[in-house]
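Reminder, nothing fancy here: chain letters follow the sequence lines and each chain counts from 1.
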Number of protein chains: 2
Amino acid sequence: MSEASGSRPGGRSARVRASVHRAVEDLVAEGVRTEDLTIPVIAARAGVHATTVYRRWGSVAELIASVAEHRFTGDVVVPDTGGLGADLERWATDVARDLADPDTIALMRASIGAGETASCACTADRRTQIAAILERETARGGAVPELDAVVDGLLAPIYYTALFEPAGRDDDGPAPGSRVRALVGKLLGKDQALRP
Amino acid sequence: MSEASGSRPGGRSARVRASVHRAVEDLVAEGVRTEDLTIPVIAARAGVHATTVYRRWGSVAELIASVAEHRFTGDVVVPDTGGLGADLERWATDVARDLADPDTIALMRASIGAGETASCACTADRRTQIAAILERETARGGAVPELDAVVDGLLAPIYYTALFEPAGRDDDGPAPGSRVRALVGKLLGKDQALRP
DNA sequence: ATACTAACGCAGCGATCTTTGCTGAACTCG
DNA sequence: CGAGTTCAGCAAAGATCGCTGCGTTAGTAT
């Protein structure tokens, strides 16, 4: 977690930023309503003066955007299994596992509510990861689908389910990963993994 | 727009509710930040006393949930063209057109930020609409995909794009509906509608 | 090692939000 | 047509939030 964006990277500034970020994550995870997530509350939890938060971030929305940017980047390592299908499956499984955490979903909810910038921060890294996977397969000499097609067929369902179906899918419990496998199969145009 | 959920359907109560709901929609559409969307502001816009809003809804989150529930139900009419593919295409096009409105997206963003209940209100009706389309095709004697498959292949991409890609897709401008057609084609496993 | 600068803590002010008890009007039922 | 209930308007008080100077501390550079 590189906390090194500022004129004074090392020392107190970084400590304060980390503390405030963690406070936001914790409060959101505890189910604090967005309207109750106020700067004095965050500052108190972080052990930092509210003035500092006002000066550095200005508003709760910007602060949440900052937290989302740091939280949703660099968590998932792009795998390299040697095949496109397996790469996508493993990657999507990691993403789905990440989004299965209620705390993560709560933060994403808050980010989406905070505005466009914070929303995009939740998925910006995903696109680049997919692009990397596709590029690798291209380097292997294989044919790859469009980037947008992967987003539609794989990323969108995972995010949609996490956001709008809190109960989850029934077929996701008994056989973990079966849904991801089916999505990848459908995406790549093969029916190999489609038999129920 | 049936504003008839309450102990006193007709009269002042309904008028106040409609007024407050419209005020919320307008303010959200005008780009008012969530943190500035406060109850006194809403009440002032609605021409209603703040006390009334406090007593009836309690918090902004509950109010937004209420608005979302009324806004995202009954807008799209389930079509009946005689074929499953055409039905899905037309229905999805309507949904996409609805979500292309920035005001609608702003309200959905606020709803997602308001919590789980409000979020689900954004898509609850969509599932039943898909189910109706599938049931109709079944009555015709045709084979239909799983409900969840339609959600994954059609609904999820539309919602994902609306939320996380505010700029929109490039291929959505020149040929409106082409993306929906491609999604439906992929979903039904036929390449008939895939030629650009 | 010392001077410099950026960032944090502190205290208090003004504005806004939220709540509460009461009064009056409007809708429904007998 | 009249009685009862529900609901909105009103005003005031308490609490909280967001913001602005100023002093102090902690990194950074010479």
**Atom pair distance, as rounded to whole Å: CZ in B:R15 and C1' in C:dA25** = 12 Å
**Prompt:** So, A:R56 and A:E62, do they make that salt bridge, N to O below 4.0 Å?
**Reply:** no
**Complete:** Regarding the side chain of A:R12, the nearest nucleotide among D:dA8, D:dG18, C:dA7 is C:dA7
**Item:** Integer-rounded Å distance: C:dT16 C1' and B:I42 CD1
**Value:** 15 Å
**Message:** For the helix from C:dA1-D:dT30 to C:dG30-D:dC1, what angle separates the axis at the start from the axis at the finish, each from five pairs, in steps of 10°?
**Reply:** 40°
**Asked** Think B:T38 has a side-chain N or O under 4.0 angstrom from the OP1 or OP2 of C:dC17?
**Response** yes
**Request:** Return the set of residues passing side-chain contact (heavy atoms from CB on, under 4.5 Å) with A:R90 (not counting sequence neighbours), or none when no residue passes.
**Result:** A:P79, A:T81, A:D94
**Message:** Check the phosphate of C:dT18 against B:Y54, side-chain N and O only, distance under 4.0 Å to OP1 or OP2. Yes or no?
**Reply:** yes
**Request:** Check whether any side-chain heavy atom of A:R12 lies under 4.5 Å from a side-chain heavy atom of A:R17, and answer yes or no.
**Result:** no
**Asked** Would you say A:R140 has more than 12 foreign heavy atoms packed within less than 6.0 Å of its CZ?
**Response** yes
**Item:** Side chain B:R55 and base D:dG9 donor-acceptor under 3.5 Å
**Value:** yes
**Asked** Pick the nucleotide of DNA chain D nearest each of A:P40 and B:T51; which residue has the one closer to the 5' end?
**Response** B:T51
**Prompt:** What's the CZ-C1' distance between B:R33 and C:dT16, to the nearest Å?
**Reply:** 20 Å
**Prompt:** Less than 4.5 Å apart, any side-chain heavy atom of B:T123 and any of B:F72?
**Reply:** no
**Request:** May I ask you to say whether A:R179 pairs ionically with B:D152, meaning some side-chain N is under 4.0 Å from a carboxylate O?
**Result:** yes
**Complete:** Between A:V16 and B:D36, the residue closer to the 5' end of DNA chain C by nearest nucleotide is A:V16
**Item:** Integer-rounded Å distance: D:dG18 C1' and A:L63 CG
**Value:** 15 Å
**No-hydrogen, no-angle side-chain donor-acceptor test under 3.5 Å, A:R33 and B:S59** = no
**Prompt:** Looking at B:T52, does any N or O in its side chain come under 4.0 Å of the phosphate oxygens OP1/OP2 on D:dG9?
**Reply:** yes
**Spacing of A:I39 atom CD1 relative to C:dC17 atom P, expressed in whole Å** = 16 Å
**Message:** Whether B:H49 contacts D:dA8 is assessed here as follows: a side-chain N or O lying under 4.0 Å from the phosphate OP1 or OP2. Is that the case?
**Reply:** no
**Fill in**
Between CG of A:L37 and P of D:dC17 the distance, given in whole Å, is 11 Å
**Complete:** Taken to the nearest whole Å, CZ/A:R17 to C1'/C:dA6 is 13 Å
**Message:** If you compare every side-chain N and O of A:R56 against the phosphate oxygens of C:dC8 (OP1, OP2), does one of them come in below 4.0 Å?
**Reply:** yes
